[in-house]
> 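First the structure, then my questions, so here it is.
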Amino acid sequence: MKKWKIEGKEFDSRLMIGSALYPSPEIMEKSIKASGAEIVTVALRRQSANAPQCGNQFWDIIKELDVTVLPNTAGCHTAKEAITTAMMAREVFETDWIKLEVIGNQYNLQPDPFALLEATKVLIDDGFRVLPYMTDDLVLAQRLADIGCTTLMPWGSPIGSGRGLMNPYNLKVIRRQFPNLNLIVDAGIGKPSDAVEAMELGFDGVLLNSAVALAQEPVIMGEAFKHAVYAGRLSYEAGVMQKRDMASPSTPTVGTPFWHQFS
């Protein structure tokens, strides 16, 4: 399978993974390694690199993993708040990558499309590579592409819900409309088969956290997702057979011997 190029960098893995909710830093480290993920998201508002209560263990692990850190603005509810957090993240992590989240509804953590557009434009103009977390809305996707996004991250379902792909049709339409953009299903993935489905739709990658961190065996689940994303991508590249209304024998009758009973 070819390397994946996103925002100017190349990766072998198409699985992106979060660093929150694990039972311990040790399990986080083992789970990320087992997943093969090369991009790890970190929420600046929840994990401060200078927070004494966290010590240096978390950051030492992230550095030792030798991964690309993708800061995110999780927990922000206004464009101004998200922009400020992104600016801080660029200084702390020394990267112009940012996973932009602006939450508009506290019940289902749905992104605010208006604030997201506002913050995205400001950050792109300031030199950021913005990876916006969005709903599966085609018009919003177009607006984000129009202002310069080369990667879009529509949700599969609400964050942490584990409900998989709520609306595969919408995701298919977005994929079809933006063949040259990197598209990543972000949020709602609950099990490896959800990741396979997303990749078979032609999405370039999957981002998840809870599905691994909250599993009974996070390390094993991390490995399961590694294989799921790989299998889903191979399936897409190979071309899945079309569904048929009628049965079709796998062994054709033409050219095969027939046994006749003679009386």
> Using a cut-off of 6.0 Å, state whether more than 12 heavy atoms not belonging to M87 lie near its atom CE.
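Result for CE/M87: enclosed.
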> Show your reasoning for whether salt bridge (Lys or Arg N to Asp or Glu O under 4.0 Å) applies to E101 and K99.
CA-CA 6 Å; E101 296 183 31; K99 177 192 168 186; 3.0 Å; yes
> Who pairs with K191 by side-chain hydrogen bond (donor to acceptor under 3.5 Å, both in side chains), at least two apart in sequence or on another chain?
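Partners of K191 under the side-chain hydrogen bond (donor to acceptor under 3.5 Å, both in side chains) test: D194.
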> Looking only at side chains, do E38 and T68 share a donor and an acceptor under 3.5 Å apart?
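Their side chains do not contain a donor-acceptor pair, so the 3.5 Å distance test is not met.
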> Answer yes or no: are there more than 12 heavy-atom neighbours, outside E10 itself, under 6.0 Å from its atom CD?
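It does: E10 CD has more than 12 such atoms within range.
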> Do the side chains of P111 and T135 get nearer than 4.5 Å, heavy atoms only?
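Yes, close enough: below the 4.5 Å cut-off.
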> Sub-3.5 Å donor-acceptor pair from the side chain of S235 to the main-chain atoms of A231, do we have one?
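Checked: no pair found.
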> Does the structure place the NZ or CZ of K9 under 6.0 Å from the centre of the six-membered ring of W4, at an angle of no more than 45° from the ring's axis?
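Negative - K9 is either too far from the ring of W4 or too far off its axis.
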> Which pair of non-hydrogen atoms, one from C149 and one from L181, has the smallest distance, and what is that distance?
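The pair with the smallest heavy-atom distance is O-CD2, 3.8 Å.
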> Got a salt bridge between K3 and D12, using NZ or NE/NH1/NH2 to carboxylate O under 4.0 Å?
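Yes, this pair counts.
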> With N170, which residues qualify under side-chain hydrogen bond (donor to acceptor under 3.5 Å, both in side chains), at least two apart?
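In terms of side-chain hydrogen bond (donor to acceptor under 3.5 Å, both in side chains), with neighbours along the sequence ignored, N170 is linked to no residue.
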> Could you tell me if the side chain of T150 sits less than 4.5 Å from the side chain of N182, heavy atoms only?
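Heavy-atom side-chain distance check fails, nothing below 4.5 Å.
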> Counting only N and O atoms by type, is there a donor-acceptor contact under 3.5 Å from the side chain of R163 to the main-chain atoms of G188?
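Not confirmed, R163 side chain does not pair with G188 backbone.
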